[in-house]
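Please read these numbers as outputs of a predicted model, since none were measured by experiment.
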Amino acid sequence: MLPFKNRLTRRKDHEKVQRFGTFVSLDNIAIKWLKNDLAESRIGIVVGLKYSKKAVERNQAKRVLGESIRSEMKNIEKGLDIVIMA
């Protein structure tokens with residue numbers, strides 16, 4: 001699980017990254033990022049209904065993504081808001 005200081009939790013922050021962020025897409029994952037004025041990077045994970053209709057499967061995907069990101073936090077540039085969409 002990501003530390004609380006590294007989570008993008010507020011809806012308006014998610015929407016700001018969605019609206020103004022830089023976009024890159026890999027096979028089934030899209031990433032948007034936007035600079036922030038903080039000392040830490042914050043990450044939000046979104047798994048939509050297109051991934052699975054079952055909440056259990058969507059939550060499991062969020063947990064797997066979150067854990068893989070947590071292990072790589074030292075390699076992520078500081079001062080970014082990042083939204084990862086599956």
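Minimum heavy-atom separation, Ser41 to Gly79: OG-N, 3.4 Å. The two residues Ala86 and Val47 come nearest to each other via the heavy atoms CB-CG2, 4.0 Å. Residues Phe23 and Met85 approach most closely at CE1-CE, 4.5 Å, considering heavy atoms. Residues Leu80 and Trp33 share a closest heavy-atom pair of CD2-CD1, 4.1 Å. Phe20 and Leu34 get closest at one heavy-atom pair: O-CD1, 3.7 Å. Counting all heavy atoms, side chain and backbone alike, Ile82 lies closest to Leu8 at O-CD2, 4.0 Å.
Between Asp13 and the options Arg10, Lys16, Arg11, a salt bridge (Lys or Arg N to Asp or Glu O under 4.0 Å) holds for only Arg10.
Counting only distance, with no hydrogens or angles, the side chain of Lys32 and the backbone of Val83 share no donor-acceptor pair below 3.5 Å. Judged purely by atom type and a 3.5 angstrom limit, Asn6 has no side-chain atom pairing as donor or acceptor with the backbone of Glu40. Arg58 places a side-chain N or O within 3.5 Å of a backbone atom of Lys53 that can act as its donor or acceptor partner.
Contact of the Arg19 side chain with the His14 side chain is not registered, since no non-hydrogen atoms from C-beta on lie closer than 4.5 Å.
In the hydrophobic clustering of this structure, Ile76 groups with Leu2; members are Ile, Leu, Val, Met, Phe, Trp, Tyr whose side-chain heavy atoms approach within less than 4.5 Å, directly or through other members. Both Met73 and Ile45 belong to a common hydrophobic cluster when Ile, Leu, Val, Met, Phe, Trp and Tyr are linked at side-chain heavy-atom distances under 4.5 angstrom. Residues Val46 and Tyr51 do not share a hydrophobic cluster, defined by chaining ILVMFWY side chains whose heavy atoms lie under 4.5 Å apart. Ile29 and Val24 fall within the same hydrophobic cluster, defined by Ile, Leu, Val, Met, Phe, Trp and Tyr side-chain heavy atoms under 4.5 Å apart, directly or through other members.
Distance check: Ile69 CD1 to Lys62 NZ gives 12.5 Å after rounding to the nearest 0.5 Å. Ile43 CD1 to Asp81 CG: the interatomic distance, rounded to the nearest 0.5 Å, is 9.5 Å. Between Arg42 atom CZ and Thr9 atom OG1 the span is 7.0 Å, to the nearest 0.5 Å.
Around the CG atom of Asp37, the shell of radius 6.0 Å holds no more than 12 heavy atoms that belong to other residues, nucleotides or ligands.
Looking at residues two or more places apart in sequence or on another chain, you find a side-chain hydrogen bond (donor to acceptor under 3.5 Å, both in side chains) between Glu67 and Arg70.
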- Task: Decide yes or no on side chain to side chain contact (heavy atoms under 4.5 Å, CB included) for Arg7 and Met1, but give the supporting numbers first.
- Result: CA-CA 10 Å; Arg7 293 186 208 165; Met1 181 178 278; 3.1 Å; yes

